Amino acid sequence: MRFSEAYIPTQKEIPSDAVIPSHQLMIRSGLVRLLASGVYSYLPLGWRVMQKVMAIIREEMDRIGAQEIFMPVLNPIEIWDETGRNEAFGDEMFRLSDRKGRKMALAPTHEEIICDLARKFVRSYKDMPQIWYQIQTKFRDEPRPRSGVIRARQFFMKDAYSLDSDESGLDQSYQKHAEAYKRIFTRCGLKYHIVGASSGLMGGSSSQEFMLESEFGEDTLILCDSCGYASNLEVATSVHNKAEFKEESLKEVHTPDKRSIEEVSEFLKLPKTQFMKSLLYVSNKEFVMVLLRGDYELNEAKLQQIMHGEIRPAHPDEVKEVCGAEIGFIGPVGLKTSIKIIADLALREQHNLVTGANKADTHLTGLEFKRDVTPEQYIDIRNVAEGEKCSKCDHELKIVQAIELGHIFKLGTKYSNSMKATFLDKNGKANPIIMGSYGIGVERIIAAAIEQNHDDKGIIWEKVLAPFKVHLIALKVNNQQISDISTRLYKDLTDSDIDTLYDDREVSPGFKFKDADLIGIPIQVVIGERGLNDKKAEVKIRKTGEVQHVEFNNLKDTITSILNTLA
RNA sequence: CGGGGCGUAGCGCAGCCCGGUUAGCGCGCAUCGUUCGGGACGAUGAGGCCGAGAGUUCAAAUCUCUCCGCCCCGACCA
């Protein structure tokens, strides 16, 4: 492609809206342009990269025997009502009506459509296993799009679905995807973690995420360097630090206007570990009090899992009604109404705790957990905290931020049950199809690759993702000799199927060099006056900055062999 | 949805507090000339409903209100 004729709007200035490096570089190098919040156009360079990623995904999906299909984005709402996800997705799903007033939705994912296809096709256990996938535009009305294409409202997802007749079949399909995903991310040059994850809205038994470590990531990972334990904070466990106190009797203490653990602990001169945090939540229109040690945070994902549904903190007036006191002074002892109580495991053996008395400006001290509180269950419900030990091997855990690239789920029969997608087993008995679901964020691979590979000059593409392999720079195009040599080389490379971006613009050398480094194509070839006498060009490797001087006649061979050595 | 910031030429910004000729600057763009190895120089020029609407005023980019959009933090999030 000739630069002078191409739509590659590079810019020197950092766009004011972009905060993270990948977002800034994607705009500056002319890969994408924003149309509306979380909605992007892909320009020629960006689209070329996207197609490289998609090609790798297709190859690896095909390798595990998956079949590519294409499902509609525009869905009748009824199919989403069949599984109850019309409601579950809430405002996150884009909805619209057709001219007859029929309600439709723009699909945020495709389990329902797959299930519909499955129930139309699968009759017998002999029809399975099946793996179907697509690379499709997804729509999600994110509450807060951010970080450029990393959290967008319209984005590409590779979504795959497996259909099996028994659990071991599902295990195999799941494992195949795990292998395919490893190959995909490795081929894209990404360093990733595989972590245990929560299945959230999707439902199902187990799931794992493929995560790229990044300070700009929205997820938090808990990693153990010693035994390899790796988990999303949402489901991570750890050994809690011990906090020992002697048994005491229950006493009221006046704590005027001291509400937070912080304030009361300072006021009473007692450590936070001696406190008990009481949080009132609402789930399925039922109140539940959650108890944690004062130094720990509630993990809402875990609570949600336990309550099997949506949860929210109770409003201040609800707290007053249930506890008879304001937030900051509530506790499990002496509640006005009897409600469900869930306690974190770390509380079970605790003595002499401090907690709210359900009375204005008053706390209780000397609370003996087993004696004074009768929770419905003891269960791990807290966030893993800095400095805690691994529950598998007792080594200290590491906490890092990460970007979610892919997620694989064992769905089980959640969708096939509600949508009546069944098959006849060997005994002629009808069973629900056992499903798995597997997603990859296509743009996120691109953003991740840039986050991981860039310098202060611009992007540094891996060969496999690069929009072009070679960036040919003709300095001073009005020098006939330079122009002739460059144009001949361009033709030569293109004829040999080496994708080349040919910078034939009439702009100053510095301009071209800066653009080349910004765009980040792996090999730069510079034809200039300096090399004319000894008939040599410069061949520079963007990643290392290494430069070699190569005779014009050998350029193509040298480029080819460098390309072979590049990852 | 809560908190904060921003919206002035294609991009980056100043002007706004304290209202007053014709709204500026840098980059980019066009033409001509000189340049030509790390975002060249000179000359000339084009380009703005100052996000939208309403109000206050003799007078609004500037003050007030409403709405819209974009970004950040939080909440939320296959």
Side-chain angles (χ1 to χ4, degrees), chain A residues 9-20 23-24 27-28 30 33-39 83 85 88-93 107-112 136 138-148 150-153 155 157-161 197-204 207-210 216-219 232 234 300-301 304 310-313 315 404-409 411 414-415 436-441 444 457-458 473-479 482 503 505-518 524 526-532 537-538 540 545 547:
Chain A
T10 57
Q11 58 189 54
K12 177 165 61 175
E13 318 239 19
I14 297 173
S16 60
D17 285 347
V19 174
I20 73 170
H23 187 196
Q24 294 176 349
I27 292 171
R28 288 188 53 212
R33 275 297 111 105
L34 179 86
L35 175 64
S37 179
V39 181
T83 56
R85 286 168 108 203
F89 263 104
D91 289 338
E92 191 147 334
M93 188 151 74
T109 173
H110 278 85
E111 282 76 13
E112 279 77 359
Q136 241 276 19
K138 294 283 187 278
F139 292 88
R140 290 187 191 175
D141 197 354
E142 290 289 343
R144 180 142 98 83
R146 70 185 103 171
S147 306
I150 289 179
R151 180 165 295 274
R153 296 194 296 169
F155 59 99
M157 176 155 74
K158 185 290 300 175
D159 47 327
Y161 306 86
S198 150
S199 38
L201 249 189
M202 301 290 289
S207 84
Q208 285 171 300
E209 290 166 328
F210 290 73
F216 303 109
E218 297 175 357
D219 286 88
N232 193 306
E234 291 178 342
E300 289 200 342
Q304 196 158 342
E310 292 295 308
I311 54 162
R312 64 163 174 89
H315 303 310
E404 179 185 354
L405 299 172
H407 201 158
I408 56 180
F409 296 87
L411 289 179
K414 173 177 169 174
Y415 298 93
S437 144
Y438 317 89
I440 289 179
R444 284 185 180 184
K457 298 197 190 89
I473 300 168
L475 296 176
K476 218 173 170 179
V477 277
N478 48 18
N479 177 316
I482 291 177
D503 194 344
R505 293 173 300 172
E506 286 189 49
V507 296
S508 70
F511 204 98
K512 295 186 177 185
F513 290 135
K514 294 284 187 194
D515 262 355
D517 287 342
L518 175 61
Q524 297 173 8
V526 182
I527 315 268
E529 274 178 337
R530 263 187 208 171
L532 282 183
E538 280 156 49
K540 180 176 133 185
V547 177

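Order of the sequence lines sets the chain letters (A, B, ...), proteins ahead of strands, with each chain counted from 1. What you see is a predicted model; the values in this text were computed from it and never measured.
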In whole angstroms, how far is the P atom of rC36(B) from the CG atom of Asn479(A)?
12 Å
To the nearest 0.5 Å, what is the distance between CZ on Arg144(A) and CZ on Arg151(A)?
9.5 Å
Consider the side chain of Lys457(A), meaning its heavy atoms from C-beta on, and name the nucleotide among rC77(B), rG38(B), rC36(B) that approaches it most closely.
rG38(B)
Quick check for you: to the nearest 0.5 Å, what is the distance between His407(A) atom NE2 and Phe210(A) atom CZ?
10.0 Å
Going by modelled atom types, is there a donor-acceptor pair between the base of rC72(B) and the side chain of Arg146(A) at under 3.5 Å?
no
Rounded to whole angstrom units, what separation is found between the CD atom of Glu142(A) and the P atom of rC70(B)?
14 Å
Counting distance alone, no hydrogens or angles: does the base of rG26(B) have a donor or acceptor under 3.5 Å from a partner atom on the side chain of Glu13(A)?
yes
Check every strand shown and say whether Asp159(A) touches a base, only sugar-phosphate, or nothing at a heavy-atom separation below 4.0 Å.
nothing
From C-beta outward on Ser37(A), which listed nucleotide comes closest to its side chain: rC70(B), rC27(B), rC76(B)?
rC70(B)
Just to confirm, is there a sub-4.0 Å distance from OP1 or OP2 of rA75(B) to any side-chain nitrogen or oxygen of Arg144(A)?
no
If you define the side chain from C-beta out and look only at heavy atoms, does anything of Phe89(A) sit under 4.5 Å from Pro108(A)?
yes
My understanding is that a pair needs two contacts under 3.5 Å, Watson-Crick or G-U wobble. By that rule, which nucleotide pairs with rA54(B)?
rU64(B)
Nucleotide forming a Watson-Crick or wobble pair with rG47(B), both distances under 3.5 Å
none
Using purine N1 to pyrimidine N3 plus N6-O4 or O6-N4 for Watson-Crick, or N1-O2 and O6-N3 for G-U wobble, each under 3.5 Å, what pairs with rC77(B)?
none
Closer than 3.5 angstrom, by distance alone: can the side chain of Ser207(A) be matched with the main-chain N or O of Ala197(A) as a donor-acceptor pair?
yes
Return the stacking result for rG38(B) and Phe513(A): yes when the ring centres lie under 5.5 Å apart and the planes under 30°, no otherwise.
yes
At what distance, to the nearest 0.5 angstrom, does NZ of Lys138(A) lie from NZ of Lys158(A)?
10.0 Å
Ser16(A) side chain N/O closer than 4.0 Å to the phosphate oxygens (OP1, OP2) of rG12(B)?
yes
Which nucleotide in the set rG39(B), rC71(B), rC36(B) lies at the smallest distance from any side-chain heavy atom of Leu518(A)?
rG39(B)
Complementary nucleotide of rC70(B), counting Watson-Crick and G-U pairs under 3.5 Å:
rG5(B)
For rC13(B), what is the paired nucleotide under Watson-Crick or G-U wobble rules, both distances under 3.5 Å?
rG24(B)
Return the nucleotide paired to rG42(B): Watson-Crick means purine N1 to pyrimidine N3 with N6-O4 or O6-N4, wobble means G-U with N1-O2 and O6-N3, both under 3.5 Å.
rC32(B)
